[in-house]
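Remember, it's a predicted structure, so these values are computed and weren't measured experimentally. Computed over heavy atoms, backbone and side chain alike; hydrogens, waters and symmetry mates excluded. Whatever order the structure lists them in is the order used to number ligands and atoms, beginning at 1.
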Amino acid sequence: MIAYVREVPDAINECELTYLEREPIDVAEARRHHAEYVELLVRLGVEVRFLPATHDLPDSVFVEDTAVVFPEVAVITRPGAESRQPEVDSSASALSRHRSCVQIEAPHTIDGGDVTVVGKRVFVGLSTRSTADGVEAMRSILEPLGYSVDGVEVNGVLHLKSAATAISDDAVLLNPDYVDPAVFDGLTVVKVDPTEPDGANVVLVGDQLIHGAEYPKTTERLRAVGYTVHTVPSSEIAKAEGAVTCCSLLVTT
Ligand code: CIR
């Protein structure tokens, strides 16, 4: 597996914010956390490649939003925040080495952080960033490849992946206050600990999980049902409404 990442930009304190009040982000600390994340990916056997740094693009560490990579195709997104649209080209050029790329075209918008893929089921958050037309565009790309694509309401969080992420090919971790669990009918559902509402975001690497260190009770819930969970600090990127999945684009080789 390859992970594309990008270093924390100098301008991260000018990031987009939707639901959170702005709080100062300690850039050096955010970079230390990011380095731990990269080291963990390497320890898990992932080849980490850096996209070119773009220090003037405040949200450019959140590479997940620029593409959604499937075994058959890479969907290059058109992010819902205009400030983020210039991030896309470098992801497309990196991913074109591994997949044929299909672009979401204007006026549709999709953020990769809104796309939770569980096996052959694709759930797309109808957030402030991803439009119903964008979901339709995803459907026209993915249904011919055997995927189902459903638009999903999300409540009070930036992206669907703030509310629900895959923990296997047939299971999700979610916060029922942010997304209706009935959406995931037929899948196994693990709920976050109620005292850790923002703990639903995990990266699935093979059959192991990467989770923010700020959500120990939810980590324990996952371990109790048999998952191997590694934790990394994510408190600085959380101030930018980011979480662990946002910081990589995973490509199976
Ligand atoms: C934004 O608002 O776009 C960034 N501040 C945070 C993006 C987080 N990305 C993600 O959850 N995939």
Ligand 1: protein residues within heavy-atom distance under 4.0 Å: Glu16, Asp59, Phe62, Glu64, Asp65, Arg84, Gly113, Arg129, Leu158, His159, Ala240, Glu241, Gly242, Cys246
Tyr215/His211 aromatic ring centres below 6.0 Å: yes
Tyr37 side chain to Val244 backbone, donor-acceptor under 3.5 Å: yes
is_close_aromatic(Tyr178, His159), centroid dist under 6.0 Å: no
Once ring-ring contact (aromatic ring centres under 6.0 Å, His included) is applied, what residue pairs with a partner in residues 51-88 remain, sequence neighbours excluded? Phe70-Tyr147
Whether Arg121 side chain and Ser148 backbone form a donor-acceptor pair below 3.5 Å: no
Salt bridge check: are Arg31 and Glu29 linked by an N-O gap of less than 4.0 Å? no
